[in-house]
2 protein chains.
Amino acid sequence: MSTITDVARVAGVSVATVSRALRGLDRVSPQTRRRVLEVAEQLHYVASPTATSLASGRTRVVAVVAPFLTRWFFATLVSAIEKELRAHGHHVILFDLEDDTYDQRLPLTQNMLWKRVDGVISLNVPMTDDEVALIDRLGLPLVAIGSAVPGRPCVRIDDRATMRTAVEHLIDLGHRRIGYIGDVPRNVAHVETPQTRLTAFRETMEAAGLPVVEDWVLGSDWTAEAAAADSARLLCTDHRPTAIVAASDEMAIGVRESARRLDLEVPRDLSVIGIDDYVLSEVLGLTTVRQDVAEQGREASRLLLRALSDPADTSGPSDLVMPTVLVVRDSTGPAPA
Amino acid sequence: MSTITDVARVAGVSVATVSRALRGLDRVSPQTRRRVLEVAEQLHYVASPTATSLASGRTRVVAVVAPFLTRWFFATLVSAIEKELRAHGHHVILFDLEDDTYDQRLPLTQNMLWKRVDGVISLNVPMTDDEVALIDRLGLPLVAIGSAVPGRPCVRIDDRATMRTAVEHLIDLGHRRIGYIGDVPRNVAHVETPQTRLTAFRETMEAAGLPVVEDWVLGSDWTAEAAAADSARLLCTDHRPTAIVAASDEMAIGVRESARRLDLEVPRDLSVIGIDDYVLSEVLGLTTVRQDVAEQGREASRLLLRALSDPADTSGPSDLVMPTVLVVRDSTGPAPA
DNA sequence: CTGAAAGCGCTTACAG
DNA sequence: CTGAAAGCGCTTACAG
């Protein structure tokens with residue numbers, strides 16, 4: 001492969017001129033520029049990003065940090081971010097922070113970031129103080145999605161309002177006995193969405209004058225499988241709710257499936273609502289409160305790109321709250337008389 | 001942030017010695033090494049990967065190339081690969097080649113790879129001749145998953161045997177009228193799995209002396225939604241199969257859902273089987289032929305790592321075929337009398 | 001508008 | 001065992 005020196009030699013100019021011509025800087029005569037472009041093309045010249053980075057101090061790479069990657073929400077974000085950034089000349093280096101157990105994750109380290117990336121997008125991972133300090137020390141811009149990081153821009157939905165929408169939909173349908181799934185049993189430092197949504201559930205119930213039956217607040221690891229198993233224990237008793245709100249569609253699907261196995265008809269015997277509008281929710285006819293996940297990824301990318309192009313520009317929004325909308329399908333219906 | 005020069009100065013040695021000591025090379029006295037390590041630690045020194053790459057010619061970064069990222073299969077692979085590679089000091093830069101329409105994808109370019117990565121893992125994307133030539137020219141090792149690339153190691157399942165297992169399961173249950181979903185209408189250059197599986201379906205039917213009814217071979221874009229819509233048109237007629245084999249679980253889920261809506265009971269009125277063991281398949285009780293996707297990602301990573309550590313070592317397998325296994329759940333049953 | 005030269009922060013023969 | 005120096009391939013003031 002050819003280097004900038006080859007191009008300079010063949011074009012009969014200095015490497016400095018090649019560098020300027022190729023990057024579209026001014027102060028290069030049109031003829032020279034044309035000549036350089038021709039030669040570069042002909043030699044299949046592509047600047048070595050590693051050399052460019054060393055000299056310029058910029059890598060044009062962004063770290064995308066996720067607590068899991070296999071789950072739909074995160075995969076959707078990563079895909080959207082990668083496309084948006086690549087369309088603007090940046091690449092994505094991926095960090096899957098999932099650890100062996102659900103209640104902990106790997107830490108972000110200097111080795112992952114230092115001179116390797118120009119910025120960071122965190123997907124729903126609340127940063128520890130040490131991590132924020134690290135990113136500060138490295139002088140990297142950071143945009144958060146989902147879980148806000150103090151002092152940094154964040155793209156998210158309003159979790160409380162979203163949960164309220166879900167619960168109120170059930171209340172509007174006449175439900176009074178409402179269960180919940182999505183509590184996270186242990187104190188997990190790396191996801192805060194579960195806490196927020198559960199709190200919003202309690203608040204909404206209270207505001208409506210409805211009791212929260214603690215036996216109907218189910219823990220789960222947020223997978224459909226666990227939700228099916230956990231809810232089965234509740235649904236097989238007579239003392240059960242007429243509706244369940246799940247903190248995610250994947251869990252809602254699990255709940256509905258376990259109802260089905262127990263010969264409970266949805267929504268006649270049990271209404272189920274989730275949050276997300278997961279990829280399978282439409283086909284499965286699940287009522288949900290939809291969020292546009294890909295758009296959140298794109299917005300976060302744009303915010304980061306702006307911070308990269310002009311570090312001084314702090315005019316952008318520091319908290320971008322995206323709308324969510326109730327989508328009524330077949331899994332919710334009037335409360336039984 | 002400190003550089004190698006800082007460490008050298010504080011430790012009172014040359015940068016060459018720091019470099020050797022930190023990388024664990026021999027020819028450094030124990031005392032000196034200890035001293036250097038101490039100073040490096042104390043200064044929070046981490047070598048600049050960009051400088052290291054320029055000097056050594058290695059980036060310790062691997063390109064992972066996928067045709068889609070939002071789909072479970074690919075997200076699962078990426079997650080497994082990222083973890084395996086990172087455990088061995090390598091990072092993943094991600095390329096989502098999805099384009100606006102389903103029947104084309106973005107090309108792999110020199111700009112994505114040159115001096116940016118040490119190797120490539122392709123996820124079920126058949127390479128064009130140009131792309132293979134590019135990778136050759138750049139001297140990069142390549143490991144393929146799913147769709148083989150001529151002359152390069154590949155990790156995959158036996159698509160034909162896997163499909164045969166699915167079809168024979170239905171035949172064993174007494175089904176004679178068997179439909180198929182997962183044909184890809186146009187000539188899509190970037191996925192070959194659909195072709196292989198459809199061919200295997202035809203072969204298996206023929207071998208069993210069963211007719212392939214062309215009206216029962218359905219096209220689809222491999223999403224659950226499209227599968228639901230496409231199969232609904234077939235299932236609402238009287239002239240319909242007693243079983244449908246789907247080329248993926250996601251499509252099988254769509255088919256089963258559309259059966260449900262048409263008040264066909266699964267498996268009494270219609271048996272449905274898929275391939276994959278998708279994340280929701282167990283909870284939805286779907287019969288399938290399981291493949292271990294994450295393990296394929298890990299194996300591919302190991303193969304690439306080996307090629308990176310010793311380019312001359314060609315002793316490894318060039319075609320690693322992973323087993324698949326029939327998992328019978330609730331969506332298949334005896335053919336109606 | 002163009003070039004010579006320093007510098008980015010490492011690694012790697014080459015001497016000693 | 002250790003160091004001085006060249007080199008990796010660019011970018012960026014500084015002169016002209």
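Residue numbers start from 1 in every chain, and the chains themselves are labelled A, B, ... in the order their sequence lines are given, proteins ahead of strands. Computation of the quantities below employed the complete heavy-atom set of this structure, encompassing side-chain atoms and omitting hydrogens, waters and symmetry-equivalent molecules. Fair warning: this is a prediction, and the values are worked out from it, not measured in the lab.
Side-chain contact check for B/Ile157 versus B/Gln296: some heavy-atom pair is nearer than 4.5 Å. Inter-residue side-chain proximity for A/Phe73 and A/Leu123 is flagged as unmet; no heavy-atom pair is nearer than 4.5 Å. The closest side-chain heavy-atom distance from A/Val61 to A/Arg116 is not below 4.5 Å. Side-chain contact between B/Ile135 and B/Arg152: present, with at least one pair of heavy atoms (C-beta onward) separated by less than 4.5 Å. Looking at B/Leu308 and B/Val62, their side chains come closer than 4.5 Å, going by heavy atoms from C-beta outward. Between B/Phe74 and B/Asn124, some side-chain heavy-atom pair lies under the 4.5 Å cut-off.
For DNA chain D, the span of nucleotides reached by chain B at under 4.0 Å from its heavy atoms goes, 5' to 3', from D/dC1 to D/dG9.
Looking at heavy-atom distances under 4.0 Å, B/Thr50 makes no contact with the nucleic acid at all. The residue B/Thr32 sits close only to the backbone: its heavy atoms come under 4.0 Å of sugar-phosphate atoms, none of a base.
Put simply, the side chain of B/Arg23 gets close to the backbone of B/Ser19: a donor and an acceptor are under 3.5 Å apart. The backbone N or O of B/Pro153 sits nowhere less than 3.5 Å from a side-chain atom of B/Ser318 that would complete a donor-acceptor pair.
Salt-bridge check for A/Asp130 with A/Arg137: failed, with every basic side-chain N at 4.0 Å or more from each acidic carboxylate O. Using a cut-off of 4.0 Å between Lys/Arg side-chain N and Asp/Glu carboxylate O, B/Arg105 and B/Glu131 are scored as salt-bridged.
Between A/Thr59 and A/Asp118, the shortest heavy-atom contact is N-OD1, 2.8 Å.
Each of A/Pro30 and A/Val15 lies near DNA chain C, and the nucleotide nearest A/Pro30 is the one positioned closer to the 5' end. Of the two residues near DNA chain D, B/Ser56 and B/Arg20, the one whose nearest nucleotide lies more 5' is B/Arg20. Each of B/Val28 and A/Arg23 lies near DNA chain D, and the nucleotide nearest B/Val28 is the one positioned closer to the 5' end.
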> DNA chain D in dot-bracket, Watson-Crick or G-U pairs under 3.5 Å, [ ] crossing, | other strand?
Replying inline: |||.||||||||.|||
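Scanning residues 35-42 of chain B for heavy-atom distances under 4.0 Å to DNA chain D yields an empty list.
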